[in-house]
2 protein chains.
Amino acid sequence: MGRTGRRPGNPDTRAEILQAAAARFAAHGYERATVRAIAADAGVDPALVHRFFGSKQDVFVAALRLPFTPATVVARLLDGSPKDVGTRVVSTFLSVWDQPGAGDRLRAVLRSATTEEHGARMLREFLLDALLVPLTEGVAPDRARYRASLAAAQMVGLAMLRFVLVVDPLASAEPSALAAAYGPSVQHVLTGALELPGGSR
Amino acid sequence: MGRTGRRPGNPDTRAEILQAAAARFAAHGYERATVRAIAADAGVDPALVHRFFGSKQDVFVAALRLPFTPATVVARLLDGSPKDVGTRVVSTFLSVWDQPGAGDRLRAVLRSATTEEHGARMLREFLLDALLVPLTEGVAPDRARYRASLAAAQMVGLAMLRFVLVVDPLASAEPSALAAAYGPSVQHVLTGALELPGGSR
């Protein structure tokens with residue numbers, strides 16, 4: 001129960017924790033925004049934050065108001081032919097950005113990752129550790145982390161060109177057409193051969 | 001001749017113009033850093049800046065101290081089999097970043113592109129208009145600008161993961177191994193089919 005005597009079941013409490021979390025993550029970055037500090041800002045006990053949301057990563061996802069948890073999106077991406085996983089990754093990624101309000105919040109994550117080390121760490125932990133490494137382990141276990149980092153490069157670049165730099169024709173392409181054009185590139189790094197046939201590496 | 005009476009042939013004058021240009025581009029971005037203002041900062045006539053460097057784009061390249069001009073790098077990339085152009089693009093890109101001091105200057109360009117509209121415009125004009133569009137027109141004239149914007153996404157993402165976010169194993173991979181792994185993805189968007197076989201776009 002909150003130290004202010006607020007009832008834990010109150011929907012306002014949940015919203016206030018998320019508001020405090022969003023403000024802390026924006027001001028201090030992922031690493032330094034502790035669950036303890038978020039709880040103090042919201043006037044509740046840290047245990048209540050964990051009971052509502054789970055881990056700090058879950059608080060982060062909830063504060064970004066992303067319409068998924070990493071585990072469910074990985075499961076959904078793995079549910080289908082491994083041959084088309086690259087295209088599914090691109091279309092899922094684009095649909096997340098197109099959720100109302102998500103673009104502004106994700107753009108802020110990218111900007112923070114480009115300018116501050118804790119923002120960079122937040123993106124690494126979220127995009128790699130929570131999403132792309134578990135996904136890659138499900139489709140191509142050999143060198144999964146290398147493949148995941150190559151795919152992360154392609155997704156971060158796609159977001160940069162489409163949503164930050166706004167470069168046409170990429171920026172105005174239909175999501176399904178863009179997924180069809182870009183998906184095979186992602187597919188290559190996820191499941192293709194990583195060395196040249198001649199072995200020149 | 002400069003308004004301060006400095007001799008145009010003096011090597012110091014050239015260096016002072018470049019220093020003024022680098023400071024202006026960093027402080028005001030590409031668009032607002034006029035040749036007139038750069039010349040004024042260096043205490044010379046704008047005509048002298050044009051005589052030394054050519055266009056504003058050439059001043060920018062010189063101020064970044066990149067070891068090439070866009071036209072020569074495009075010509076070099078087109079000199080070889082169109083089947084391997086993707087791998088050549090990646091290895092050339094990595095070798096530019098590895099020039100002494102280039103990493104810091106290029107990271108500053110990326111940061112400015114992520115946080116300011118004039119930085120974004122500078123990157124669009126340089127990476128797309130000066131480099132990737134002319135390159136793509138040389139290998140796959142159909143939808144060259146769309147292909148170039150897809151390749152730009154992959155190169156910006158590669159730079160972000162390797163040099164800004166520093167995500168391993170990508171960040172510590174040997175340049176030749178990385179070019180072999182990532183090149184085919186770039187190749188696909190430069191010369192491959194952009195729609196799914198079923199025509200679902």
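Lettering of chains follows the sequences in order, A, B, ..., and the numbering in each one begins at 1. Predicted model, so just to flag it, every value in this text is computed and none were measured.
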Sort [X] into side chain, backbone, both or neither according to what part of it lies under 4.5 angstrom from a heavy atom of chain A.
| X | answer |
| --- | --- |
| B:Ala173 | side chain |
| B:Leu128 | side chain |
| B:Leu123 | side chain |

Would you mind telling me which of A:Leu165, A:Val189, A:Val166 has the largest number of heavy-atom pairs within less than 4.5 Å of chain B? A:Leu165
Looking at [options], which has the largest count of heavy-atom pairs under 4.5 Å with chain A?
| options | result |
| --- | --- |
| B:Val156, B:Leu170, B:Val186 | B:Leu170 |
| B:Ala152, B:Ala171, B:Gly183, B:Ala193 | B:Ala152 |
| B:Gly192, B:Gly157, B:Ser185, B:Ala159 | B:Ser185 |

Would you say that A:Arg107 contacts A:Asp104 through its side chain, given a criterion of any heavy-atom pair below 4.5 Å between the two side chains?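 Yes; the side chains approach each other to less than 4.5 Å.
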By salt bridge (charged side-chain N to carboxylate O under 4.0 Å, His left out), B:Arg88 pairs with (sequence neighbours left out) none
Quick one: salt bridge (charged side-chain N to carboxylate O under 4.0 Å, His left out) partners of B:Arg105, sequence neighbours excluded?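 Checked B:Arg105 against salt bridge (charged side-chain N to carboxylate O under 4.0 Å, His left out); zero matches.
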Taking only Lys NZ, Arg NE, NH1 and NH2, and the carboxylate oxygens of Asp or Glu, determine whether A:Asp79 and A:Arg76 approach each other closer than 4.0 Å.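 Salt bridge absent between A:Asp79 and A:Arg76.
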Whether B:Glu125 and B:Lys56 form a salt bridge (side-chain N of Lys/Arg under 4.0 Å from carboxylate O of Asp/Glu) is what I want to check. no
Taking the six-membered ring for Trp, are B:Trp97 and B:Phe163 parallel (under 30°), tilted (30 to 60°) or perpendicular (over 60°)? parallel
